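One structure is given here, and the rest of the page talks about it.
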Amino acid sequence: MKSYLINKKNTNEQLKYDKTLNIMDIESLEDREQAYVDFKNDWKELSLVQRVDLLISSLGKDSKKMLPIEKIIQLVSIIPFVEYSTHISYTSPFSQGKTFQYSKILPNSKVISSGITEAALFYDKNKSKFGILKDYDIVAFDDVQCLNNDTIASSIYDFLSSGNLSRSNNVANDTSRSSLVFLSNYTEETQKKLENNPYFLKEINLFEPFSNSFQKEAFKSRVVVLPAYLMRDENFIISEEDVYGINVNILHEFFQEKLKESLPLFKIEISCKERLKNNIYAIVSGLSKLLFDDLENIPKKYLQAFIQFAQKLVELPFESNFKLYNKSELNYLLIELSSALLKYSVENVTEAYVYEDRCILRFQEEKNILYKIALTKYGINKNLREVKNWQSASSSQKSHLIELENIDKNGIILKSHTELPILGDYKKINLDSFYHNQDNIQTEISEIKGELKECKEALKDLANILKNLNISYSLNNVVFKNKLLLSEEEYKDLKDERKGYLGKLFDIYPQDIRNYDIIFNIKNNEIKFLNYDFIDIKKETSLEDMIEYHEKVKSLK
């Protein structure tokens with residue numbers, strides 16, 4: 001066992017037994033200098049996913065139980081340990097270990113559990129003495145309600161914009177680069193609204209726990225809001241099994257070293273409102289420093305993913321919708337983190353889709369399986385609803401549903417059995433651009449690929465058609481079927497017919513069926529639902545209606 005690794009279960013047990021203990025003492029090291037050298041050498045050899053898991057485990061939390069989005073949120077929550085002046089609003093359900101993280105893990109973080117005076121926090125004029133913001137890199141407020149007066153709010157506004165601890169020109173060295181973290185919980189009503197629709201925030205005030213003094217844009221634009229409501233209601237604190245993480249003395253030295261580093265500004269190309277740029281830089285720089293050693297040569301795909309996530313995060317308080325899945329590099333990062341839940345490497349992914357709460361992957365090793373992996377707790381709910389639908393479906397209904405298997409007791413991973421591609425791949429990841437550094441190639445016509453590979457004659461016919469019609473070889477929005485080319489309008493009509501059939505079969509409005517819910521077999525005109533968490537399986541159309549409508553769809557050949 002490496003000297004810098006320690007069983008975090010034992011540490012957590014000692015803390016639970018005696019809360020006055022200091023983790024630095026519990027995990028004391030004899031040869032700290034050599035242990036740090038060993039850690040840095042080994043750290044260079046770890047993959048990004050391994051680094052993410054090791055960092056989270058080092059906080060005393062079990063990364064193996066966390067979903068991809070939960071891991072990213074957890075990483076952002078520790079950015080203040082490696083990035084100065086990064087202010088965070090961390091509002092979440094109870095018992096997620098927020099206070100534990102900022103009060104027990106590292107010595108440069110201080111949690112204030114009750115009300116505090118302006119003098120104790122910033123500068124005491126009577127004693128000519130700086131407050132705790134001069135002594136700690138991070139100051140967290142355990143309940144933002146303790147900041148309920150206009151005087152302290154005014155000082156916090158000033159500190160967020162300038163770092164000033166004193167408003168007097170006569171005080172030397174009166175600035176600080178400390179980070180402020182605001183911990184709180186939503187009301188039961190707001191939490192329920194978020195549960196019902198976590199991505200539509202028009203009726204939600206994410207700064208609800210704060211007093212009126214903090215409801216101004218000047219505050220909201222300087223504080224990063226963590227979407228911790230996407231996490232499950234558990235703290236992930238290691239307690240049941242042995243989990244090894246970095247010794248906290250080594251971790252502290254590592255973080256202190258990172259605090260002194262800076263990500264080159266030219267690395268971040270962003271176009272957004274000026275007031276949001278500082279937070280974007282802090283998030284991108286923080287994630288980069290946590291996960292990469294060479295800040296000059298971070299792989300572009302990861303840097304872009306960090307930028308895409310940061311832009312979404314800083315706009316969170318000002319946007320009515322919050323969705324993370326519509327950027328290719330960020331999608332790829334979510335896929336890579338998802339692969340940690342599976343037995344295959346991300347390099348072996350041949351087909352990949354990312355949606356609001358789930359990603360769907362196909363691997364080289366199992367070409368007849370699509371894995372559905374939950375990205376958030378809502379993805380778990382969708383998986384479990386599909387399991388229930390499959391188990392409750394009649395035999396006639398099952399003939400229109402892709403067979404699935406729940407391989408994880410908690411519903412995190414499902415296996416859907418089909419060799420066929422998804423009908424609509426709007427969010428499909430172009431894997432070629434990541435694995436081979438090729439130009440992006442649109443793959444929206446994956447239905448074509450199977451027939452082209454199986455039939456060389458079809459390839460020749462297609463080439464002749466393209467040549468005769470003087471059409472470019474860009475096949476976007478074109479379907480090759482029975483050696484004919486369908487126009488975009490004809491293809492849309494074809495999809496709509498199939499949606500109409502499935503809608504009639506399960507009593508669903510066709511417009512509620514997304515293209516990526518459907519698997520379509522071109523050879524026999526067979527259609528099935530791949531995603532069916534939204535179906536009420538109890539409703540069943542009569543067999544006569546099903547046959548009549550199916551015959552109508554078949555006539556489209």
Side-chain angles (χ1 to χ4, degrees), residues 76-77 79-80 83-92 112 115-123 131-134 136-169 171 174-186 190 201-229 265 268 270-286 307 309-322:
V76 175
S77 76
I79 285 177
E83 189 73 27
Y84 287 118
S85 301
T86 304
H87 313 296
I88 289 178
S89 175
Y90 193 167
T91 307
S92 72
I112 299 172
I116 188 170
T117 65
E118 182 184 9
L121 186 59
F122 298 100
Y123 181 74
I132 61 175
L133 279 172
K134 196 70 170 178
Y136 293 91
D137 293 325
I138 301 169
V139 173
F141 301 96
D142 197 24
D143 184 357
V144 298
Q145 291 299 324
C146 69
L147 306 172
N148 57 4
N149 66 77
D150 291 339
T151 303
I152 200 166
S154 177
S155 296
I156 287 177
Y157 272 90
D158 189 41
F159 178 76
L160 293 178
S161 62
S162 65
N164 287 337
L165 298 174
S166 168
R167 299 185 181 185
S168 171
N169 294 326
V171 180
D174 64 340
T175 59
S176 168
R177 292 193 291 170
S178 298
S179 299
L180 298 182
V181 178
F182 303 92
L183 308 177
S184 57
N185 307 99
Y186 290 121
T190 298
L201 306 173
K202 187 176 182 178
E203 299 179 359
I204 303 294
N205 177 13
L206 295 177
F207 287 85
E208 173 195 67
F210 292 85
S211 66
N212 290 335
S213 300
F214 293 94
Q215 298 298 328
K216 301 174 184 177
E217 182 175 335
F219 179 72
K220 295 179 180 181
S221 62
R222 291 186 172 91
V223 176
V224 177
V225 178
L226 288 185
Y229 55 84
L265 279 172
I268 306 179
I270 51 178
S271 56
C272 69
K273 296 178 181 178
E274 193 65 33
R275 57 179 166 75
L276 302 178
K277 287 186 177 180
N278 287 341
N279 279 343
I280 291 178
Y281 174 80
I283 295 168
V284 176
S285 178
I307 293 172
F309 181 71
Q311 288 177 313
K312 287 289 184 181
L313 214 54
V314 300
E315 293 169 356
L316 184 56
F318 310 102
E319 297 292 331
S320 59
N321 290 290
F322 177 63

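Given the structure is predicted, the values throughout are model-derived calculations rather than measurements.
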**Report entry** Positive for ring-ring contact (aromatic ring centres under 6.0 Å, His included) with Phe182, one of Tyr90, Phe207, Phe219
**Finding:**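 For Phe182, the ring-ring contact (aromatic ring centres under 6.0 Å, His included) test succeeds with only one of Tyr90, Phe207, Phe219, which is Phe219.
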Do any N or O atoms from the side chain of [X] and from the backbone of [Y] form a donor-acceptor pair under 3.5 angstrom?
X: His87; Y: Val223; answer: no
X: Ser178; Y: Leu133; answer: yes
X: Lys134; Y: Thr175; answer: yes

Heavy-atom pair with the smallest gap, counting every atom of [X] and [Y]:
X: Ser176; Y: Phe159; answer: O-CE1, 3.7 Å
X: Val76; Y: Ile88; answer: O-CD1, 3.4 Å
X: Ser211; Y: Leu147; answer: OG-O, 3.5 Å
X: Ser162; Y: Asn164; answer: OG-ND2, 3.0 Å
X: Glu83; Y: Ala282; answer: CG-O, 3.8 Å
X: Ser85; Y: Ser179; answer: N-OG, 3.3 Å

So do [Y] and [X] actually touch side chain to side chain, heavy atoms under 4.5 Å?
X: Ile112; Y: Leu121; value: yes
X: Ile156; Y: Phe122; value: yes
X: Leu313; Y: Pro227; value: yes
X: Val284; Y: Phe309; value: no

Query raised in the report: Does the side-chain contact (heavy atoms from CB on, under 4.5 Å) test come out yes or no for Ile204 and Tyr229, once each step is laid out?
Result: CA-CA 12 Å; Ile204 303 294; Tyr229 55 84; over 6 Å; no
From [atom1] ([X]) to [atom2] ([Y]), nearest 0.5 Å:
X: Asn279; Y: Lys220; atom1: CG; atom2: NZ; answer: 14.5 Å
X: Leu183; Y: Leu226; atom1: CG; atom2: CG; answer: 10.0 Å
X: Phe318; Y: Leu201; atom1: CZ; atom2: CG; answer: 13.0 Å
X: Ile280; Y: Ser285; atom1: CD1; atom2: OG; answer: 13.0 Å

Query raised in the report: Stepwise, does the side-chain contact (heavy atoms from CB on, under 4.5 Å) test hold for Ile79 with Val224?
Result: CA-CA 11 Å; Ile79 285 177; Val224 177; over 6 Å; no
Report task. Taking atom CG of Asn321 as the centre, report whether more than 12 heavy atoms of other residues, nucleotides or ligands fall under 6.0 Å from it. Result ->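 Atom CG in Asn321 is packed in, count exceeds 12.
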Query raised in the report: Could you go step by step and tell me if Thr91 and Ser184 meet the side chain to side chain donor-acceptor pair (under 3.5 Å) rule?
Result: CA-CA 5 Å; Thr91 307; Ser184 57; 2.7 Å; yes
Query raised in the report: Any luck finding a side-chain donor-acceptor pair between Glu208 and Thr190 under 3.5 Å?
Result: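 Looking only at side-chain atoms, Thr190 and Glu208 do form a donor-acceptor pair, the distance falling under 3.5 Å.
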